[in-house]
**Student:** 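Questions regarding the structure given below will be posed in turn.
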Amino acid sequence: MKLPKISLNLIKFENILGAVGVAKRLFNIQFKKVPFAVNYDITWECNLRCKHCYFFSSAAELEFGGKNTRKELSDQEWINIFRYHRELGISSATITGGEPTLRMNLLHKAVKIFPSVQIVTNGIIKIPYFKVKNQPILWVSLDGNKEMHNNIRGAPIFDKVIKNIQNDKRVYISCTISSQNYNQIENIVEIAYNNGVSGIFFLWYTGYDNDPLLLKGDPSKTAIQKILKVMKEYGDFIIFSKKMLEYYITKEFVPHCCFRKKNRIFSYYPNGELKFCVMGNSPKLCENCGCIVPVAVYALRNFDSETIDKLKKFPF
Ligand code: SF4
Ligand code: SF4
């Protein structure tokens, strides 16, 4: 019998190390209950006060009963946590806030500790290229044309943000669609495309039931049509699939959300306390959740080929 040829490339030392690493990670997730990724809100501070900010509404919830002392972990305390999580085998960290660039020192440390880092930022402060092999992915918010963006963000920051992201291939635009800006989807995509970033993805505005910014009824239908249109026109630039769109509408992903399942993704407040999920501290948010992370993870778990294809250049 003729044995199949084994490519020498497959038995390279680094491949063996890689396979051992993957096996160790799977073992950790399965048996030692190590989360598959972490999300750190590293600061309470922000240089903006946006109308739709889920972080500050969630922080206000935490203040109920005087529980939130606004303590922020020191650089060294965060670094200890980063290292501890990395030693457990976690390789992907998402850094949020507040505005994480207000603690730039910590960003320099995080990219050295984790092989895969996502930084979620409003884009006002330019993020430097770090002296590491794997540059972080930058999720930069854009909500509309100049007038709309400045209006939602409550400050004239549009020009500065555009200047900071221009031709930076680390940047993916994160566009939160609400009842305010759903009509601007094509404009937002065009602005992102013309400014040379790597892509754009959409989040549905998340809030409690009576929130006027929630996207419902006809505006929601219009948003869906517009997203389908830009997906056709801009191809791979749109980091989004039809399945993800379907899950946003049906909310089928909610019971399977990776934040609700134990030991999947852990999310922390700036004082180091665990929070319910990245969106806030209450399960009541789930019925109107528009977070891209559980939607994308659920579509991947269901092996949707379009989602797999769209997300392959986008390491969560
Ligand atoms: S920039 Fe982000 S953290 Fe700051 S207020 Fe706006 S939404 Fe909230
Ligand atoms: S609000 Fe969204 S991200 Fe948070 S637990 Fe609920 S479904 Fe998951």
Side-chain angles (χ1 to χ4, degrees), residues 35-61 72 94-103 118-125 127 138-144 148-158 160-161 164-165 173-178 180-181 203-209 211 213-214 244 247-270 274-299 301 316:
F36 125 99
V38 277
N39 156 231
Y40 308 111
D41 291 339
I42 57 172
T43 178
W44 298 109
E45 303 303 321
C46 186
N47 39 12
L48 289 177
R49 281 293 181 276
C50 308
K51 289 183 180 161
H52 64 288
C53 179
Y54 68 82
F55 177 72
F56 283 108
S57 41
S58 128
E61 280 161 15
E72 237 174 61
T94 303
I95 309 210
T96 46
E99 174 48 43
T101 57
L102 297 177
R103 294 193 68 176
Q118 286 81 233
I119 300 171
V120 181
T121 170
N122 58 31
I124 297 179
I125 297 174
I127 298 184
L138 313 181
W139 299 23
V140 182
S141 308
L142 191 68
D143 309 314
M148 176 66 75
H149 188 72
N150 288 345
N151 180 22
I152 290 179
R153 298 277 150 183
I157 58 161
F158 180 88
K160 185 156 204 179
V161 172
N164 284 344
I165 62 173
I173 295 299
S174 154
C175 175
T176 301
I177 305 169
S178 70
Q180 252 187 321
N181 67 351
L203 298 89
W204 249 228
Y205 175 78
T206 302
Y208 295 110
D209 251 352
D211 192 326
L213 291 176
L214 284 174
M244 287 162 72
Y247 294 152
Y248 268 143
I249 299 154
T250 61
K251 300 286 181 262
E252 185 186 321
F253 68 97
V254 169
H256 311 277
C257 172
C258 44
F259 289 97
R260 292 166 64 119
K261 299 269 168 194
K262 278 194 176 140
N263 309 308
R264 295 297 181 196
I265 303 183
F266 282 179
S267 199
Y268 295 88
Y269 275 117
L274 256 180
K275 63 195 262 199
F276 180 68
C277 76
V278 67
M279 302 308 289
N281 214 28
S282 167
K284 285 186 190 155
L285 288 168
C286 296
E287 54 199 91
N288 294 314
C289 178
C291 177
I292 191 173
V293 177
V295 169
V297 170
Y298 187 58
R301 260 189 49 191
F316 277 108

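Note that ligands are numbered from 1 as they come in the structure, with each ligand's atoms numbered from 1 the same way.
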**Student:** At distances under 2.8 Å, what protein N, O or S atoms surround atom 4 (Fe) of ligand 1?
**Tutor:**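 Listed by chain and number, the atoms are Cys46 SG.
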**Student:** Would you check if Leu214 and Trp204 make a side-chain contact, meaning some heavy-atom pair closer than 4.5 Å?
**Tutor:** no
**Student:** Starting from atom 2 (Fe) of ligand 1, what is the nearest protein heavy atom, named by residue and atom, and what distance separates them?
**Tutor:**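 For atom 2 (Fe) of ligand 1, the nearest protein heavy atom comes out as Arg153 NH1, 4.2 Å.
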**Student:** Please verify the inter-ring angle class for His149 with Phe158; under 30° counts as parallel, over 60° as perpendicular, anything in between as tilted.
**Tutor:**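 It falls in the perpendicular class, over 60°.
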**Student:** How long is the gap from OG1 on Thr121 to CD1 on Ile95, to the nearest 0.5 Å?
**Tutor:**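 Between Thr121 OG1 and Ile95 CD1, I get 12.0 Å after rounding to 0.5 Å.
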**Student:** If we only count heavy atoms from C-beta on, is the Ile124 to Leu48 side-chain gap below 4.5 Å?
**Tutor:** yes
**Student:** Sort by chain and number the protein N/O/S atoms found under 2.8 Å from atom 2 (Fe) of ligand 2.
**Tutor:**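 You should have found Cys289 SG.
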**Student:** Once you round to the nearest 0.5 Å, how far does CD1 of Ile265 lie from SG of Cys277?
**Tutor:**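 So the gap between those two atoms works out to 10.0 Å.
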**Student:** Report, as yes or no, whether the 6.0 Å neighbourhood of atom NZ on Lys251 holds more than 12 heavy atoms from other residues, nucleotides or ligands.
**Tutor:** yes
**Student:** What I'd like to find out is whether the side chain of Gln180 reaches to under 4.5 Å of the side chain of Leu213, using heavy atoms alone.
**Tutor:**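 Yes, side chains in contact.
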**Student:** With a 4.5 Å heavy-atom cut-off, do Asn288 and Tyr208 have their side chains touching?
**Tutor:** no
**Student:** Within the 4.5 Å heavy-atom criterion, are Cys258 and Arg301 side-chain neighbours or not?
**Tutor:** no
**Student:** Is it the case that the ring center of Phe253 lies less than 6.0 angstrom away from the ring center of Tyr247?
**Tutor:** no
**Student:** Closer than 4.0 Å to some heavy atom of Phe276 - which atoms of ligand 2 meet that?
**Tutor:** 5 (S)
